[in-house]
Amino acid sequence: AQSVTQPDIHITVSEGASLELRCNYSYGATPYLFWYVQSPGQGLQLLLKYFSGDTLVQGIKGFEAEFKRSQSSFNLRKPSVHWSDAAEYFCAVAMYSSASKIIFGSGTRLSIRP
Amino acid sequence: SAVISQKPSRDICQRGTSLTIQCQVDSQVTMMFWYRQQPGQSLTLIATANQGSEATYESGFVIDKFPISRPNLTFSTLTVSNMSPEDSSIYLCSVEVGQDVGNTIYFGEGSWLTVV
C-alpha cells in the first residue's frame, strides 16, 4: 500500500535561512507527488506537484521540490524563508492524479525565528 | 483553477445535534471530496461525491453519520449527524479540476467544528 512519511513534526528556522522539509513515500511505481501548505485558520494551498519529467519542480512562493526515485523522496526546499512561511506543510502521494487516491503525510509544522 | 467556498467557516455545536456544511465551487467539476482533519492530525478522506450518484465512503465512514448531497456540478453538502466531541474537526471540501493526468486538486478553507 502506498504511504508517505514526514519524519519531522516541527522545524524552526531563522528568517532568511534556507529550509528543507523531508518527505519519503512508499509506492511500487512512480507516484504523483504534492506539497500543500496550511496556514493557521486556512485551508490547504497547493505549492507544487510532480507527475513526470524534470525531477526538480518549481512551485509558488519560491518553493521547489526534488523527486529522487532512488531515495523515494520528494523534499521541499526554499533558499530563504520569510516569517509568512510559518505554517503546516503536508506532503501527499497519489497513485493517480485523483483526490480519491491521495494519501497525506502527517505534516511538518514550520516556525520562523525572527 | 477553482475557488471553493465553504460555509460555515466555524461553528460550535451541541452534542447530539447535526450540522450541514456547504461547499460551493466557482466552476463545474465532476468529482468533489470531503476530508476530515482532526486536531493536530493529517487529512483523512471521508467520501467522494459525484453528481448524479451516491457518494462513495471510505472505510470507517458511513452514510448515516455523514450524509452527503451533490445536487449539481458546483455544489455539495456534508452533514455531520448526532455529533459528539470526537467529531470536533476541520472538514474540508476538495475538487479535482481537469480530466487528464496532471490535473489539480484544490481545497476549500475548511469548516472548523467544535462539539461541546
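Both A:Leu33 and A:Tyr89 sit in one connected hydrophobic cluster of ILVMFWY residues. Membership requires side-chain heavy atoms under 4.5 Å apart, directly or through other members. Residues B:Val25 and B:Val97 fall within the same hydrophobic cluster, defined by Ile, Leu, Val, Met, Phe, Trp and Tyr side chains chained together at heavy-atom separations under 4.5 Å. By the criterion of side-chain heavy atoms lying less than 4.5 angstrom apart, applied directly or through intervening Ile, Leu, Val, Met, Phe, Trp or Tyr residues, A:Leu48 is grouped together with A:Val37 in one hydrophobic cluster. Taking hydrophobic clusters as Ile, Leu, Val, Met, Phe, Trp and Tyr residues chained together by side-chain heavy-atom distances below 4.5 Å, A:Ile60 shares a cluster with A:Phe74. In the hydrophobic clustering of this structure, A:Trp35 groups with A:Val93; members are Ile, Leu, Val, Met, Phe, Trp, Tyr whose side-chain heavy atoms approach within less than 4.5 Å, directly or through other members.
Contact of B:Ile4 with chain A is not made at all, since no heavy-atom distance falls under 4.5 Å. Only the side chain of A:Leu46 comes within contact range of chain B, with at least one heavy atom under 4.5 Å from a heavy atom of that chain. Contacts of B:Leu92 with chain A are made by side-chain atoms alone, with heavy-atom separations under 4.5 Å and no backbone atom involved. Only the side chain of B:Gln37 comes within contact range of chain A, with heavy atoms under 4.5 Å apart. Contacts of A:Tyr50 with chain B are absent, with no heavy-atom separation under 4.5 Å from either backbone or side chain.
A:Ile102 is listed as a side-chain neighbour of B:Tyr35, based on a closest heavy-atom distance under 4.5 Å.
Within a 6.0 Å sphere centred on CZ of A:Arg77, other residues, nucleotides and ligands contribute more than 12 heavy atoms. Other residues, nucleotides and ligands contribute at most 12 non-hydrogen atoms within 6.0 Å of the CD atom of B:Glu54.
Tested against B:Phe107 for a ring-ring contact (aromatic ring centres under 6.0 Å, His included), the candidates A:Tyr36, A:Phe34, A:Phe90 yield a single pass: A:Tyr36.
Taking all atoms of both residues into account, the shortest heavy-atom contact from A:Phe104 to B:Leu43 is CD1-CB, 3.9 Å.
Taking A:Gln45, A:Arg109, A:Gln38, A:Glu88 one by one and counting their heavy-atom pairs under 4.5 Å with chain B, the maximum is reached by A:Gln38.
Under a 3.5 Å cut-off, the side chain of B:Ser42 and the backbone N or O of A:Gly107 do not form any donor-acceptor pair.
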